[in-house]
Amino acid sequence: MAMGNSLRLTLSQHRCLEAMDIQIWKRRESEGSSSGQAQTGQSQENPAQNHPPAGNPVAPALVNTGNKPDDRDDRWKKLQAAVSRCTQCRLSESRTQTVFGAGNPDAELMIVGEAPGSEEDRLGEPFVGRSGQLLNEMLAAVKLQRSDIFIVNILKCRPPENRDPRPDEAAACADFLHRQVECVQPRLLMAVGRIAAQNLLGLTSTLGSMRGQVYSYGRTEVPLIVTYHPAYLLRSPSQKRKSWQDLCLARSILQDTGDRHQ
Ligand code: URA
């Protein structure tokens with residue numbers, strides 16, 4: 001993937017972003033860090049506003065180990081086992097089972113949600129409830145299916161009463177997610193919902209201000225975009241048009257950074 005301090009956007013991607021009223025800017029060399037940095041924006045807002053708080057790097061180094069298949073399979077199995085026996089936070093006491101993630105471990109697109117709900121906790125798979133059905137429909141709208149992607153959550157265990165993840169719970173789970181990204185090596189990460197976006201990027205911004213921008217995640221600078229959580233769209237269907245724009249952006253990035261999704 002052509003990645004340096006900024007995404008190298010092709011002409012067609014520029015046109016798509018322009019059509020969606022997304023402006024493109026490049027971060028200054030001196031602003032580099034391993035955490036998420038905005039590279040395109042819908043507004044004229046100061047790019048510095050999008051930087052993670054000082055001293056709060058989110059993603060530790062993602063080391064590209066070459067990802068040889070045997071090595072990757074081995075790391076993946078170890079990771080699954082580590083998640084399933086995790087007792088690093090209180091949620092291990094109330095869960096039915098851990099929810100590792102599901103889909104294609106060779107996926108180009110990795111979707112990151114918040115945490116398992118009751119159905120996910122029962123079945124051990126992410127996004128299988130009503131939100132999951134809507135997510136499937138959203139993906140189908142841009143000709144993607146679940147077998148094309150890998151879906152994970154910030155938390156691998158269900159918070160009681162579906163409350164928001166607490167910072168210590170997200171911190172306890174963060175390394176699992178980093179290792180999942182390292183193994184899958186997706187070409188694009190899509191955070192669904194404010195909680196996922198804020199945790200991945202180390203920001204406290206609103207979802208609306210994070211949408212329509214292309215951030216990068218980790219030292220390998222995996223492009224990362226943000227969209228609404230399907231549960232929010234079920235409550236506010238009028239926002240579906242915006243989420244469709246976000247999916248178009250995802251599609252455009254995938255098309256322009258490789259050919260496996262064309
Ligand atoms: N919401 C999420 O964020 N993740 C799930 O797995 C299910 C619902």
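For ligands, and for the atoms within them, numbers begin at 1 and follow the listed sequence.
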* Residues R75 and D71 bridged, charged N to O under 4.0 Å -> yes
* Structure fact -> The reported gap from CE in M190 to CG in L254 (rounded to nearest 0.5 angstrom) is 9.5 Å
* Min side-chain heavy-atom separation V99-L123 under 4.5 Å -> no
* Side chain to side chain, P223 and T257, heavy atoms closer than 4.5 Å -> no
* Asked: Which residue pairs satisfy the ring pair (Phe, Tyr, Trp, His ring centres under 6.0 Å) criterion with at least one member in residues 187-213, sequence neighbours excluded?
  -> none
* Can you list the steps and then say if E137 with K240 is a salt bridge (charged side-chain N to carboxylate O under 4.0 Å, His left out)? -> CA-CA 11 Å; E137 286 165 21; K240 281 186 188 169; 5.6 Å; no
* To do: Select all protein residues for which some heavy-atom-to-ligand 1 distance is less than 4.0 Å, and list them by chain and number.
  => G113, E114, A115, E120, P126, F127, N153, H229
